[in-house]
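Note that the structure is a prediction, hence the values are computed from the model and not measured.
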Amino acid sequence: MKMLAGRLHLKERALRMESVDVPEPGPDEVLIKVEAAGVCLSDVHLIEGGLTPRLLGGDVVTLGHETAGTIDRVGDRVEGWKPGDRVLLQAGQRDRVGTVYTRGVDYDGGWAEYAAARADTLVAIPDDLPFEQACIIPDAVSTPWAAITATAGVKAGEPVAVWGVGGLGAHAVQLLRLIGAAPVIAVDPLPAARERALSFGADFALDPGEAGRIRELTGGGLAVAFDFAGVPAVREQALTLLGRGGKLILAGIANKPVTISSDSFFNYLKLSIHGHYGSDAEHVEELVRLARQKRLDLAGSISDVLPLAEAPAAVQRLQSREGNPIRLILRP
């Protein structure tokens, strides 16, 4: 049986929509009928060459690390799951020695009609959570959630700021408000992004040229600054706006040196810089519980839904930032 899949040919960095065999699930795997898959900037970076799979056994991979659907078949050793169950897939899995393999990067992902998944990477989703919203929880929502709760350890009432209100930064604003950070300040050069930040719960949305107001708005400086832009100038600016003991969280990737302009200022205020990447399984499970309890609404995150066959067009829209999307979704 054949299916349509969005396959990245790494030697040419070419995305091609191809007819391939439906995967056969192994004894510890399930076959998922994909209902929705997110299009992420990481997918764009893979196509453009900014990212390269480290653990892929070959030079072709089906893209897509944000995936949700229903179970079609279960492997012989799988227990606790059955055909028809609604699930999302974790964005990766560990092998026996703890090495993390990323879905849609190191092994085939969800830009396809069907996807195989190890049973321990499934997370059940409630019937009233749309697949389009469920699929973006791994990465688009879980990465900022982990940055906020695990790497930064933000507490209620702490003043925070988010630089870059794109697919990750917009959710960071929403989640920071959810846990009670105050004030929540968004910094972005695009007026549409600032408007979006306010709609997602930011108390203030500033152009980078206005960021000096942050000390006044916070009464002395930020407890935590989040860089979701991946821009060196953002980091330099954010460091100057931290209060005593403040933290700068690098969630965006610039592939550039991190510069501390004044070590005396940095040392005197006891500042710190933390790298952040991705999330762990428990972060996805926490977010699903929040969605189940109606504490988290992701309806505003879905910028558009396109047929799977239009994956190249979705990538082009994200590359050009047409419509300033949060998340574009592919539907097989």
Side-chain angles (χ1 to χ4, degrees), residues 23 25-40 42 62-75 77-95 98 100-150 167-168 171 174-175 178-179 277-299 301-302 327 329-332:
D28 297 310
E29 295 182 324
V30 302
L31 181 67
I32 300 297
K33 182 181 183 299
V34 177
E35 299 290 349
V39 182
C40 176
S42 296
T62 300
L63 292 177
H65 54 276
E66 298 179 344
T67 310
T70 56
I71 296 177
D72 184 81
R73 279 187 285 146
V74 300
R77 293 202 296 258
V78 173
E79 297 180 356
W81 299 102
K82 65 183 184 304
D85 285 348
R86 304 174 86 252
V87 296
L88 61 75
L89 310 184
Q90 296 279 8
Q93 61 189 34
R94 296 180 185 273
D95 67 9
V100 177
Y101 290 72
T102 302
R103 179 179 302 282
V105 179
D106 300 311
Y107 62 102
D108 286 340
W111 288 14
E113 294 179 83
Y114 292 88
R118 219 169 62 192
D120 62 349
T121 66
L122 307 182
V123 178
I125 58 175
D127 291 343
D128 59 354
L129 179 61
F131 290 113
E132 292 83 4
Q133 296 177 35
C135 76
I136 69 169
I137 290 177
D139 189 26
V141 191
S142 65
T143 292
W145 179 248
I148 291 164
T149 60
L168 298 180
H171 291 119
Q174 183 180 18
L175 295 165
L178 178 66
I179 66 168
Y277 184 81
S279 61
D280 292 324
E282 63 265 25
H283 299 120
V284 172
E285 293 161 1
E286 289 164 0
L287 290 163
V288 170
R289 287 199 295 272
L290 287 169
R292 181 178 285 113
Q293 297 300 321
K294 310 302 181 189
R295 303 290 180 88
L296 179 64
D297 182 2
L298 298 174
S301 302
I302 311 306
R327 265 301 184 266
I329 304 298
L330 300 175
R331 179 184 290 157

Atom [atom1] in [X], atom [atom2] in [Y]: separation rounded to 0.5 Å?
X: Trp111; Y: Thr62; atom1: CH2; atom2: OG1; value: 10.5 Å
X: Thr70; Y: Lys82; atom1: OG1; atom2: NZ; value: 11.5 Å
X: Cys135; Y: Ile302; atom1: SG; atom2: CD1; value: 6.0 Å
X: Asp28; Y: Thr121; atom1: CG; atom2: OG1; value: 11.0 Å
X: Ile71; Y: Leu31; atom1: CD1; atom2: CG; value: 10.0 Å
X: Ser301; Y: Ile137; atom1: OG; atom2: CD1; value: 10.0 Å

Test side chain to side chain contact (heavy atoms under 4.5 Å, CB included) applied to Asp120 - qualifying residues, sequence neighbours left out: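 In terms of side chain to side chain contact (heavy atoms under 4.5 Å, CB included), with neighbours along the sequence ignored, Asp120 is linked to Arg118.
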Under 3.5 Å donor-acceptor, Gln174 side chain and His171 backbone: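 The answer is no, because no donor-acceptor pair under 3.5 Å joins these two groups.
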Glu66 (side chain) donor-acceptor with Ala140 (main chain) under 3.5 angstrom: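 Yes, Glu66 side chain to Ala140 backbone: donor-acceptor pair under 3.5 Å.
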Test side chain to side chain contact (heavy atoms under 4.5 Å, CB included) applied to Arg103 and Thr67, step by step: CA-CA 9 Å; Arg103 179 179 302 282; Thr67 310; 4.1 Å; yes
Minimal non-hydrogen separation, Asp139 against Cys40, with atom names: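 Heavy atoms of Asp139 and Cys40 come nearest at OD2-SG, 3.4 Å.
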Stepwise side chain to side chain contact (heavy atoms under 4.5 Å, CB included) test for Arg327 and Val39: CA-CA 6 Å; Arg327 265 301 184 266; Val39 182; 5.8 Å; no
Which side-chain N or O atoms in residues 277-287 pair as donor and acceptor under 3.5 Å with protein atoms at least two apart or in another chain?
residue, atom, partner, partner atom, Å
Ser279, OG, Ser142, OG, 2.8
His283, ND1, Asp280, N, 3.0
Glu286, OE1, Trp145, NE1, 2.8

Pair Thr102-His65, side-chain donor/acceptor within less than 3.5 Å: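 No, no side-chain donor-acceptor pair sits under 3.5 Å.
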If you define the side chain from C-beta out and look only at heavy atoms, does anything of [X] sit under 4.5 Å from [Y]?
X: Leu178; Y: Leu290; result: yes
X: Val34; Y: Tyr114; result: no
X: Val30; Y: Asp85; result: no

Do [Y] and [X] meet the salt-bridge criterion of a basic N to acidic O distance under 4.0 Å?
X: Lys33; Y: Asp72; result: no
X: Arg331; Y: Glu132; result: yes
X: Asp128; Y: Lys294; result: yes

Working for side chain to side chain contact (heavy atoms under 4.5 Å, CB included), residues Leu88 and Leu129: CA-CA 11 Å; Leu88 61 75; Leu129 179 61; 5.7 Å; no
Leu122 vs Ile32, side chain to side chain contact (heavy atoms under 4.5 Å, CB included): CA-CA, chis, key distance, verdict: CA-CA 10 Å; Leu122 307 182; Ile32 300 297; 4.2 Å; yes
Charged tip of Arg86 within 45° of Phe131 ring normal and under 6.0 Å: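 So Arg86 does make the cation-pi contact.
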